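Here is how names work: the chains are called A, B, and so on, in the same order as the sequence lines, proteins then strands, and each is numbered from 1. Keep in mind it's a predicted model, so treat the numbers as computed, not measured.
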Amino acid sequence: MFNKRTKIKQLLEGDKANFETTVMGWVRTFRNNQFIALNDGSTNNNLQVVATLGLLDDATMKRITTGACIKATGEIIESLGKGQRVELKATAIEILGDSDAEKFPLQPKKHSLEFLREIAHLRMRTNTFGAIFRVRHSLAYAVHKFYNDRGFVYMHTPIITGSDAEGAGEMFKVTTLPLDGTAPKNDDGSINYKEDFFGKSTNLTVSGQLEGELAAMSFSDIYTFGPTFRAENSNTTRHLAEFWMIEPEVAFNDLEDNMNLAEDFIKYIIKFAVDNNGDDLAFLAQRLEEEEKQKPQNERSEMGLLDKLKFVVDNDFERLTYTEAIEILRESNHNKKKKFQYLIESWGTDLQSEHERYLVEKHFKKPVILTDYPKEIKSFYMRQNDDGKTVAAMDILAPGIGEIVGGSQREERLDKLLQRMEEMQIPVEEMNFYLDTRRFGSCPHAGFGLGFERLVLFVTGMTNIRDVIPFPRYPKSAAF
RNA sequence: UCCUACUUAGCUCAGUUGGUUAGAGCAUCUGACUGUUAAUCAGAGGGUCGCUGGUUCAAGUCCAGCAGUGGGAGCCA
């Protein structure tokens with residue numbers, strides 16, 4: 001069998017030596033015509049393959065270049081040199097795939113993240129991105145494990161949606177109609193979508209929440225985990241046009257239950273990565289530390305990556321209402337000395353990211369859950385509080401990332417929901433499928449959305465969201 | 001979309017008040033090297049200075065437009 005080989009991770013972690021094996025992987029460096037640092041992606045650590053003199057002819061030797069793929073067979077022995085416990089003393093080396101050294105863009109040296117972003121198809125072969133995407137995998141696995149262990153049903157909500165009113169931003173249109181102006185038209189000149197593939201106007205989903213609510217009205221506890229799409233012209237380190245979102249929706253939960261679920265969930269998956277990806281996180285922590293050294297002293301973070309993750313897992317998130325947050329901000333020296341670009345004056349305006357950062361990074365120095373926002377700045381489906389001014393919303397803000405979770409208790413009372421939809425000009429006739437849940441056996445329920453990439457950012461210590469998804473999609477960019 | 005900085009060799013960057021053949025480190029290539037750890041040593045090749053136009057005797061350098069990238073803001077997850 002061709003693929004009979006041992007993974008490098010297994011060889012390096014085992015405590016055995018003096019046995020025959022075969023490894024396959026990609027050459028990172030080739031030193032002294034003798035030492036091959038081989039990586040197969042199972043771990044960031046390389047296996048040292050030793051090609052003793054005379055094993056290879058000159059022509060084959062020349063083909064062992066950075067990036068080449070090789071198969072090496074030999075004996076695992078305790079290393080004669082320092083720096084590694086074991087090494088492979090090769091008895092045979094076969095080139096599986098050549099890599100022209102003059103053209104292969106990755107060199108055994110430091111590259112900028114901007115450059116690597118241009119070669120996203122090859123950047124996974126670097127230590128940094130190898131670590132990031134193994135951590136990303138673990139986090140994704142932990143998401144499913146967390147909900148499965150608690151009896152949640154994983155719902156696949158549609159990616160193509162017929163609902164125009166998911167209410168979370170600009171949508172990408174999905175159509176098979178021609179774009180050259182010859183699409184069928186209505187009498188008033190608008191496009192006649194009855195002729196389109198689905199017989200109506202359709203878009204890529206911006207959220208699975210509405211469908212998730214329908215499912216929660218049947219299974220009690222559900223979650224979604226899938227891609228979502230926003231056609232916003234957002235050019236930031238925190239936004240993508242295509243990103244993955246986790247949206248649990250739970251019948252019979254109120255806002256406090258919702259907060260407890262979100263906090264437990266975040267702590268669980270971070271702990272899972274800490275417990276299962278120690279090597280990768282240690283590498284990323286060291287990388288971050290070196291990057292921090294470039295910064296001036298006052299901009300450096302007080303904690304290293306691993307300490308920060310441990311702190312989040314071990315400590316309660318700070319919970320306070322929007323109204324309390326406004327008071328803290330208004331009374332802060334920062335506000336009084338007019339250091340905010342947008343000064344806090346009155347109740348009712350939305351918080352700017354500088355305010356969120358102040359609360360999270362300066363005042364509390366831990367994740368913060370803000371609740372009970374003014375209804376004017378939140379979505380129609382959020383449950384109205386008895387004060388008539390606020391809704392049962394909650395946002396979780398993380399240090400360095402900002403909003404990582406947005407959620408709420410949903411409005412289960414049909415009359416209140418209809419009234420809110422009217423005020424916010426949501427087309428009721430298109431939402432009948434959603435309103436049916438309030439007509440037939442409505443119940444209190446709550447849920448939230450967590451941006452997966454933002455969580456990966458937080459756990460890996462990376463700063464640009466384009467570096468934590470394999471093939472990022474953002475304005476003017478859909479390469480690969 | 002707005003504000004701001006940047007764009008010079010494969011990569012990371014120098015390049016003075018506009019002045020003659022545009023530099024370095026790493027990478028690559030050639031050679032040396034049997035215990036190296038981003039190996040080391042010697043030598044060589046490599047540039048339409050983002051694109052378009054303008055000012056000038058003369059533009060990598062000054063001006064305008066466009067494009068791309070970084071950072072910040074808005075929108076949000």
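Each of A/N233 and A/D100 was assigned the nucleotide of RNA chain B with the nearest heavy atom; the assignment lying further toward the 5' end belongs to A/N233. Mapped onto RNA chain B by nearest heavy atom, A/R31 and A/Q34 fall at different nucleotides, with A/Q34 at the one closer to the 5' end.
No side-chain heavy atom of A/I469 sits less than 4.5 Å from a side-chain heavy atom of A/I465.
Because its NZ or CZ atom is both nearer than 6.0 Å to the ring centre of A/F458 and within 45° of the ring axis, A/K308 counts as a cation-pi partner of that residue. Cation-pi geometry between A/K389 and A/Y373 is not met at under 6.0 angstrom from the ring centre and within 45 degrees of the axis. For the pair A/R230 and A/F172, the cation-pi test (distance below 6.0 Å, angle within 45°) is failed. Under the 6.0 Å distance and 45° angle rule, A/R150 counts as a cation-pi partner of A/F146.
Near RNA chain B, meaning a heavy atom under 4.0 Å away, the residues from residues 348-371 of chain A are A/Q352, A/S353. Within residues 123-139 of chain A, no residue has any heavy atom closer than 4.0 Å to RNA chain B. Residues of residues 472-480 of chain A having a heavy atom closer than 4.0 Å to RNA chain B, listed by number: A/K476.
Pairing for B/rU17 is absent, with no Watson-Crick or G-U wobble pair whose two atom distances lie under 3.5 Å. As the counterpart of B/rA42, B/rU30 is assigned, both hydrogen-bonding distances of the Watson-Crick or G-U wobble pattern falling under 3.5 Å. B/rU69 and B/rA5 make up a base pair, with Watson-Crick or G-U wobble contacts both under 3.5 Å. Checking B/rC62 for Watson-Crick or G-U wobble geometry (two distances, each under 3.5 Å) identifies B/rG54 as its partner. Across the strands present, B/rU37 finds no partner; the criterion is a Watson-Crick or G-U wobble pair with both atom distances under 3.5 angstrom.
Across all strands, A/S234 comes closer than 4.0 Å to base atoms (heavy-atom distances). At the heavy-atom level, A/N46 lies nowhere under 4.0 Å from the strands shown. The residue A/R238 sits close to a base: some heavy atom pair falls under 4.0 Å. Among the atoms of the strands shown, base atoms are found under 4.0 Å from some heavy atom of A/L240. If you check every strand for non-hydrogen atoms under 4.0 Å, A/L80 touches a base.
A salt bridge does not link A/K7 to A/D40: none of the charged nitrogens lies less than 4.0 Å from a carboxylate oxygen.
Taking side-chain N and O atoms only, A/R454 has no distance below 4.0 Å to OP1 or OP2 of B/rC76.
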Evaluate the ring pair (Phe, Tyr, Trp, His ring centres under 6.0 Å) criterion for residues A/Y147 and A/Y154: first the C-alpha distance (whole Å), next the side-chain angles of each, then the deciding distance (0.1 Å), finally the verdict.
CA-CA 8 Å; A/Y147 288 113; A/Y154 175 32; 9.5 Å; no

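Distance A/F30 CZ to B/rU28 P: 13 Å, rounded to the nearest Å. The distance from atom CZ of A/F243 to atom P of B/rC76 is 12 Å, rounded to the nearest whole Å.
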